Amino acid sequence: MSRQLHARRLEKVQKNVWVEFTELAAKYKVVNLGQGFPDFSPPSFLLESLCNTVNGGFSMHQYTRCFGHPSLVKILAKFFGRILAREIDPMQEILVSVGAYGSLFCAFQALVDEGDEVIIVEPFFDCYESMTLMAGGKPVYVPLKPQKGNGPALSSADWVLCPEELASKFTSRTKAIIINNPNNPLGKVYRREELQIIADLCIKHDVICFSDEVYEWLTYDGAKHIKIASLPGMWERTITVSSAGKTFSATGIKVGWAIGPGHLLKHLQTIHQNSLYHCPTLNQEAVAVAFEREYEMFGREESYFKQLPTQLQAKQLRLTECLRFVGLQPILPEGGYFMITDISSLKVDLDDSSSKDEPYDYRFVKWLIKEKHLGAIPVSAFYSSESRAGIQNYIRFCFAKDDSTLKAAEDILKHWKVQQ
Ligand code: IK2
């Protein structure tokens, strides 16, 4: 067949870091601090609600409402309505989709048109770029940079947007900006003043904000997660996306949602009704029951949203100590479940490698997987191809792992240190 088979929109989105490194990690049976999923059990109340739902009668095994199972959209509206201090209409202002991925996909397809510019804050979760391109949009990048003059940046709080640079990216063609708060891979949690600068620009230029908040419950050392949708004038123009997979440490559950004003949300619903239609009823019902529990427990010690960050912070400290012990300088995250670290001090010479045209961090992580059986993710995967050359010395570890996994990773790193 001589005619081109693939649609042109696929041309810039062929490679995927998760597909590549997940396959590699499985092949070499690594201690996996790569992809972001917990390898410990989700909370028992979620497991119980899943079991009860399986045995909950025939309707649990059939189609449900297209835009979100009624019990789930109702509790999401109640839960997030309390946080945002506004009434949320469960039917008009929420869309439940297949994970945060599905919700983001609907948002990009529904609101980004051919030729629209989308401002993406670097480093960014990689799908923002591919979803912009698949919608026919043009990504415009703006970097978070370590503040100068403070020595090496050792906290994600040191990585900031330059307000003038950010302002210069807004043009008459800008349709949307996407932020990720807390940020993957850096762990940055935006302060109110930083969000206000973004909000002021969105309002001034009549731009939509996509706010990916899948790690919203995971903040450390007093960092406070603030929803940009809660800032004056922002509800009307913000689509907030989150995920049950990250919220309840069950990434396989693939339930996510988008919340926003009806005049925007209705377009996401149109994409969803014509593509995915709905996500599994069983999973939605189980997540609804888990949220009901959290609604009752909110702010109390028993709340999973309080317990999980405490549990994860201990893991983060453990990994930090280990990385420092082997001479690395991790950047301490204020949120999320990843930590990035500069690897240049290890001075691993990979010049003999056959794929020299790949960024150094890609080659380093492949070497780490094959030779040391330790999984990580190269940080340049979270940058545009234009910026990638300047950021080749960082790798990302996920610390949302069982203590036995962290111990196995420590053993590998410490053994390596002794050998050096
Ligand atoms: N948004 C962000 C910022 C995410 O991190 C993810 C999941 N990422 O996990 C892969 C990794 O970084 O190791 C998503 C969206 C997707 O969430 P969901 O699983 O609910 O579709």
Side-chain angles (χ1 to χ4, degrees), residues 73 76-95 100 103-104 106-108 110-112 116-121 124 128 140 142 144 156-157 159-183 188-219 222-242 257-269 295 298-299 305 334-335:
V73 288
L76 288 174
K78 195 163 131 186
F79 194 96
F80 288 105
R82 182 164 67 180
I83 288 174
L84 284 163
R86 66 176 305 122
E87 201 161 313
I88 295 178
D89 181 333
M91 304 299 158
Q92 315 280 335
E93 297 181 322
I94 296 186
L95 169 69
S103 313
L104 287 164
C106 290
F108 279 90
L111 300 172
V112 177
D116 284 347
E117 292 182 359
V118 177
I119 300 175
I120 302 180
V121 179
F124 56 87
Y128 306 159
V140 174
V142 61
L144 285 164
S156 61
W159 292 56
V160 292
L161 287 168
C162 161
E164 292 76 32
E165 190 177 12
L166 177 64
S168 74
K169 304 289 173 176
F170 283 74
T171 71
S172 56
R173 291 176 302 279
T174 309
K175 182 68 180 289
I177 179 168
I178 179 153
I179 60 167
N180 180 203
N181 183 25
N183 170 278
K188 181 182 175 62
V189 178
Y190 288 82
R191 288 185 294 276
R192 184 176 291 278
E193 312 82 79
E194 295 177 298
L195 292 175
Q196 191 62 59
I197 291 171
I198 299 170
D200 289 345
L201 286 165
C202 287
I203 293 166
K204 179 173 171 199
H205 295 273
D206 194 17
V207 160
I208 298 167
C209 180
F210 298 148
S211 187
D212 179 344
E213 303 184 2
V214 299
Y215 303 105
E216 60 191 316
W217 303 110
L218 305 179
T219 58
K224 195 171 158 17
H225 177 255
I226 298 169
K227 289 184 172 294
I228 195 165
S230 69
L231 269 51
M234 285 307 284
W235 165 259
E236 294 77 0
R237 57 181 65 256
T238 303
I239 298 288
T240 304
V241 169
S242 198
W257 50 89
I259 302 183
H263 66 269
L264 295 179
L265 230 288
K266 68 180 180 189
H267 301 300
L268 278 68
Q269 293 182 336
Y295 186 84
F298 196 68
F305 299 167
E334 307 151 273

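Each residue takes its place number in the sequence, starting with 1. This structure is a prediction, so every number in the text was calculated from the model and none was measured. Atoms considered below: every heavy atom in the structure, side chains included; atoms not considered: hydrogens, waters and symmetry mates.
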Restricting to salt bridge (Lys or Arg N to Asp or Glu O under 4.0 Å), what partner residues turn up for Glu213, sequence neighbours left out?
Lys227
Working to the nearest 0.5 Å, report the span between [atom1] of [X] and [atom2] of [Y].
{"X": "His205", "Y": "Ile119", "atom1": "NE2", "atom2": "CD1", "value": "8.0 Å"}
{"X": "Ile177", "Y": "Ser211", "atom1": "CD1", "atom2": "OG", "value": "10.0 Å"}
{"X": "Cys202", "Y": "Ile228", "atom1": "SG", "atom2": "CD1", "value": "6.0 Å"}
{"X": "Ser242", "Y": "Asp212", "atom1": "OG", "atom2": "CG", "value": "7.5 Å"}
{"X": "Ile179", "Y": "Cys209", "atom1": "CD1", "atom2": "SG", "value": "4.5 Å"}
{"X": "Trp159", "Y": "Asn183", "atom1": "CH2", "atom2": "CG", "value": "9.5 Å"}

Evaluate side-chain contact (heavy atoms from CB on, under 4.5 Å) for Arg173 paired with Asp116, printing each intermediate quantity in order.
CA-CA 6 Å; Arg173 291 176 302 279; Asp116 284 347; over 6 Å; no
Before accepting this row, confirm whether a basic side-chain N of the pair Glu194/Lys188 lies closer than 4.0 Å to the acidic partner's carboxylate O.
yes
Given side chains that start at C-beta, do those of [X] and [Y] come closer than 4.5 Å, heavy atoms only?
{"X": "Thr174", "Y": "Val140", "value": "no"}
{"X": "Ile88", "Y": "Lys78", "value": "no"}
{"X": "Arg82", "Y": "Tyr295", "value": "yes"}
{"X": "Ile197", "Y": "Leu161", "value": "no"}
{"X": "Leu104", "Y": "Ile178", "value": "yes"}
{"X": "Leu231", "Y": "Ile226", "value": "yes"}
{"X": "Val241", "Y": "Trp257", "value": "no"}
{"X": "Trp235", "Y": "Glu93", "value": "yes"}

Counting only heavy atoms not in Arg192, do more than 12 fall under 6.0 Å of its CZ?
no
Steps toward side-chain contact (heavy atoms from CB on, under 4.5 Å) verdict (Val142, Ile120):
CA-CA 6 Å; Val142 61; Ile120 302 180; over 6 Å; no
Measure from the side-chain N and O atoms of [X] to the backbone N and O of [Y], and report whether any donor-acceptor pair falls under 3.5 Å.
{"X": "Asn181", "Y": "Tyr190", "result": "yes"}
{"X": "Thr238", "Y": "Thr240", "result": "no"}
{"X": "Lys175", "Y": "Val207", "result": "no"}

If you look only at distance, which donor and acceptor atoms sit under 3.5 Å apart when one is on a side chain in residues 258-269 and the other is two or more places apart or in another chain?
residue, atom, partner, partner atom, Å
His263, NE2, Glu236, O, 3.0
His267, NE2, His263, O, 3.4
Gln269, NE2, Met91, O, 3.2
Gln269, NE2, Ile94, O, 3.4

Do we see a donor-acceptor contact under 3.5 Å between the side chains of Asn180 and Tyr215?
no
Thr219 and Glu334: side-chain donor and acceptor closer than 3.5 Å?
no
Which heavy atom of [X] sits nearest to which heavy atom of [Y], and what is that distance?
{"X": "Ile208", "Y": "Phe210", "answer": "CG2-CE2, 3.8 Å"}
{"X": "Ser168", "Y": "Glu165", "answer": "OG-O, 2.6 Å"}
{"X": "Ile203", "Y": "Pro232", "answer": "CD1-O, 3.7 Å"}

Describe, in one word, how the ring planes of Phe305 and Phe79 are oriented to each other, choosing from parallel (under 30°), tilted (30 to 60°) and perpendicular (over 60°).
perpendicular
